[in-house]
Amino acid sequence: MTHVSTALVAAGRARGDNSTADMARRMGLPYLTVYRWTTGRNAPGPAGLAAIERAYGLTTAALIHRGTAA
């Protein structure tokens, strides 16, 4: 799931979120959840994908596409 983590971290940095904690606050999710996504340990489920889209404008298709192109 590194494609999701890479795209998510890049989107966070682009919005000025310099840490996982910043990203978790922006998405309104627990730090540990976002940490697991950014490290590739877990992949976001439907609710997580919705939170990512709300916070960063990344759709599921964009997350997958960015990962395969990188």
Side-chain angles (χ1 to χ4, degrees):
M1 287 297 145
T2 57
H3 56 282
V4 172
S5 62
T6 303
L8 180 56
V9 170
R13 299 299 182 261
R15 290 276 176 109
D17 294 340
N18 296 315
S19 70
T20 305
D22 292 338
M23 294 171 70
R25 277 191 290 276
R26 183 181 297 271
M27 288 188 273
L29 296 171
Y31 167 83
L32 192 54
T33 298
V34 178
Y35 171 80
R36 288 178 177 153
W37 295 344
T38 59
T39 59
R41 283 186 101 157
N42 291 48
L49 291 170
I52 292 169
E53 186 170 1
R54 279 192 306 272
Y56 299 109
L58 292 174
T59 63
T60 303
L63 286 170
I64 293 169
H65 175 70
R66 286 181 184 199
T68 56

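Counting from 1, the numbers follow the sequence of the chain as shown.
Not counting sequence neighbours, Arg15 has no partner by the salt bridge (charged side-chain N to carboxylate O under 4.0 Å, His left out) test.
Both Leu29 and Leu58 are assigned to one and the same hydrophobic cluster, defined by single-linkage of ILVMFWY side chains at heavy-atom distances under 4.5 Å. In the hydrophobic clustering of this structure, Trp37 groups with Leu49; members are Ile, Leu, Val, Met, Phe, Trp, Tyr whose side-chain heavy atoms approach within less than 4.5 Å, directly or through other members.
Closest approach of Gly40 and Ser5 over heavy atoms only: N-CB, 4.0 Å.
In the hydrophobic clustering (ILVMFWY side chains linked at under 4.5 Å, chained through shared members), Leu32 is joined by Tyr31, Tyr35.
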Please table the atom pairs, donor to acceptor, closer than 3.5 Å between any side-chain atom in residues 17-24 and protein atoms at least two apart or in another chain.
residue : atom : partner : partner atom : Å
Asp17   : OD1  : Arg26   : NE           : 3.4
Asp17   : OD1  : Arg26   : NH2          : 3.1
Asp17   : OD2  : Arg26   : NE           : 2.7
Asp17   : OD2  : Tyr56   : OH           : 2.5
Ser19   : OG   : Ala21   : N            : 3.4
Ser19   : OG   : Asp22   : N            : 3.1
Ser19   : OG   : Asp22   : OD2          : 3.3
Asp22   : OD1  : Arg25   : NH2          : 2.6
Asp22   : OD2  : Asn18   : N            : 3.2
Asp22   : OD2  : Ser19   : N            : 3.4

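Rounding to the nearest 0.5 angstrom, the gap separating the CD1 atom in Ile52 from the CG atom in Leu8 is 5.0 Å.
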